[in-house]
Number of protein chains: 2
Amino acid sequence: MTKQVRNTAAKTAVMEMLSQSSTALSHGEIYQSLAETCDRVTVYRILDRLIEEGVAHRIALSDGTVKYALCEQCGDGHHHAHSHLHFNCVLCGGVSCLEVEIPHVQLPRKYKMHDVSLVVNGLCAACNS
Amino acid sequence: MTKQVRNTAAKTAVMEMLSQSSTALSHGEIYQSLAETCDRVTVYRILDRLIEEGVAHRIALSDGTVKYALCEQCGDGHHHAHSHLHFNCVLCGGVSCLEVEIPHVQLPRKYKMHDVSLVVNGLCAACNS
DNA sequence: CATTTATTGCAACATAGTTGCAATAATTTA
DNA sequence: TAAATTATTGCAACTATGTTGCAATAAATG
Ligand SMILES: [Mn+2]
Ligand SMILES: [Mn+2]
Ligand SMILES: [Zn+2]
Ligand SMILES: [Zn+2]
């Protein structure tokens with residue numbers, strides 16, 4: 001039997017927060033906004049669980065920073081595809097999932113591609129004015 | 001006047017190591033191989049300096065891990081371009097610069113692209129047999 | 001309400017990266 | 001070659017990030 005899922009106040013709060021946010025959030029940002037209401041470790045575990053449940057996904061920026069975003073923000077809800085790029089605004093720091101397909105990349109002979117991570121750094125629409 | 005550059009034993013050792021290695025190396029890997037011969041912090045500072053000098057570059061993998069590689073390995077030596085992709089083998093863990101141009105990506109209106117980071121995870125030629 | 005067990009808090013640990021400062025040593029200059 | 005300059009290093013101390021074990025807590029189910 002598959003492990004059952006329980007909805008807790010902390011988990012709901014994290015999801016609510018990710019859902020409200022226009023930008024992907026780091027563990028630290030989430031933990032701080034939840035100020036005192038739950039433990040650091042709990043936030044890590046909730047995020048891990050959300051990812052395992054397919055509700056959220058991890059985004060590693062080009063400097064190594066890790067952010068989290070809900071998956072609905074990055075697909076049409078119907079077919080869930082993770083082959084989209086992530087945009088990191090160097091001005092406001094915002095990180096967002098763009099509905100842009102990752103172009104096909106040709107690898108050298110014998111290489112086998114599993115998945116691709118593409119992060120674009122630049123100015124977002126709001127900051128580029 | 002621009003800050004002068006000094007070649008020290010530690011710096012030479014790090015460069016030698018990166019130059020010999022077929023894969024990009026993390027700070028930890030470099031530090032361990034240098035075992036006891038110099039401080040942890042020194043390795044960080046040497047790597048920062050190599051990057052500032054344009055000799056090496058940083059590679060952030062899709063899980064947030066950071067690796068370092070010499071720049072000569074990732075260009076033809078003549079024109080130095082950093083718009084190439086990095087390959088991370090999920091089997092041997094090797095990380096290498098591939099001489100493959102990053103395909104053009106079309107961003108939504110008003111977005112301004114500065115630079116792109118593209119990491120492909122999969123099986124390298126050696127592991128894919 | 002009682003049972004089951006997923007989730008949490010806490011302590012403790014591991015790794016990654018940064019900063020200040022005094023000591024050291026690579027270059028430059030005399 | 002010896003002295004002066006200052007880039008580099010070692011060390012201590014600190015912050016940030018992430019993980020694990022275990023006992024206590026609290027969802028869900030009946
Ligand atoms: Mn996304
Ligand atoms: Mn490279
Ligand atoms: Zn912006
Ligand atoms: Zn391999």
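Keep in mind that this is a model prediction, so the values were computed, not measured. Just the heavy atoms: all of them, side chains too, but no hydrogens, waters or symmetry mates, feed the values below. Chain naming here is simple, since letters A, B, ... match the order of the sequence lines and numbering starts at 1 in each.
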Note: for B:Gly64 and A:Cys38 on DNA chain C, the residue whose nearest nucleotide lies more 5' is A:Cys38

Taking the side chain as every heavy atom from C-beta outward, state whether B:Tyr111 and A:Leu98 have any pair of such atoms under 4.5 Å apart.
yes

Rounded to whole Å, CD of B:Glu36 lies from P of D:dT9 at a distance of 17 Å

Charged N to carboxylate O below 4.0 Å: is that the case for A:Glu16 and A:Lys11? no

In B/S/- notation (B base, S sugar-phosphate only, - none; protein heavy atoms under 4.0 Å), nucleotides 23-30 of chain D written 5' to 3' is ---BBS--

Within-4.5 Å side-chain heavy-atom neighbours: A:Ser96 and A:Cys124 = no

query = Does a side-chain heavy-atom distance below 4.5 Å link B:His27 with B:Leu47?
reply = yes

When rounded to whole Å, the CG to C1' distance for the pair B:Leu47 and D:dT8 reads 14 Å

Once you apply a heavy-atom cut-off of 4.0 Å, does A:Thr65 come out as touching a base, just sugar-phosphate, or nothing? nothing

To the nearest angstrom, the CG-P distance between A:Asp48 and C:dA6 comes to 16 Å

Ranking D:dT8, C:dT8, C:dA6 by distance to the side chain of A:Lys3, first place goes to C:dA6

- Message: What contact category does A:Thr37 fall into here, base, sugar-phosphate, or nothing, at under 4.0 angstrom with non-hydrogen atoms?
- Response: sugar-phosphate

Mark yes when over 12 heavy atoms from residues, nucleotides or ligands other than A:Glu53 sit less than 6.0 Å from its CD; otherwise mark no.
yes

Between A:Val41 and A:Arg49, whichever has its closest DNA chain C nucleotide further toward 5' is A:Arg49

Answer with yes or no whether A:Arg40 presents, from its side chain, a donor or acceptor under 3.5 Å of a partner atom in the base of C:dG9. no

Rounded to whole Å, the OH-C1' distance (A:Tyr68 to D:dT17) equals 10 Å

N/O donor-acceptor pair, side chain A:Arg45 with base C:dG9, under 3.5 angstrom:
yes

note: A:Tyr44, atom OH; C:dC10, atom P; distance rounded to Å ~ 17 Å

Here the distance between atom P of D:dT20 and atom CG of A:Asp39, to the nearest Å, is 16 Å

Ion pair B:Asp48/B:Arg58, N-O distance below 4.0 Å
yes

Notebook entry, point to check: Are any of the side-chain heavy atoms of B:His84 and B:Val100 separated by less than 4.5 Å?
Noted result: no

Looking only at side chains, do A:Asn121 and A:Ser62 share a donor and an acceptor under 3.5 Å apart? yes

Rounded to whole Å, the OH-P distance (B:Tyr31 to C:dG17) equals 14 Å

A:Asp63 CG to C:dA16 C1', in whole Å, measures 13 Å

The helix from C:dC1-D:dG30 to C:dA30-D:dT1: angle between terminal helix axes, five bp per end, to the nearest 10 degrees, reads 30°

- Answer with yes or no whether the hydrophobic clustering places A:Val43 together with A:Ile51; edges join I, L, V, M, F, W, Y residues whose side-chain heavy atoms lie under 4.5 Å apart. yes

Practice item. Flag yes if B:Leu50 and B:Tyr31 sit in one hydrophobic cluster, no otherwise; membership is Ile, Leu, Val, Met, Phe, Trp, Tyr, and two members link when side-chain heavy atoms are under 4.5 Å apart. Key: yes

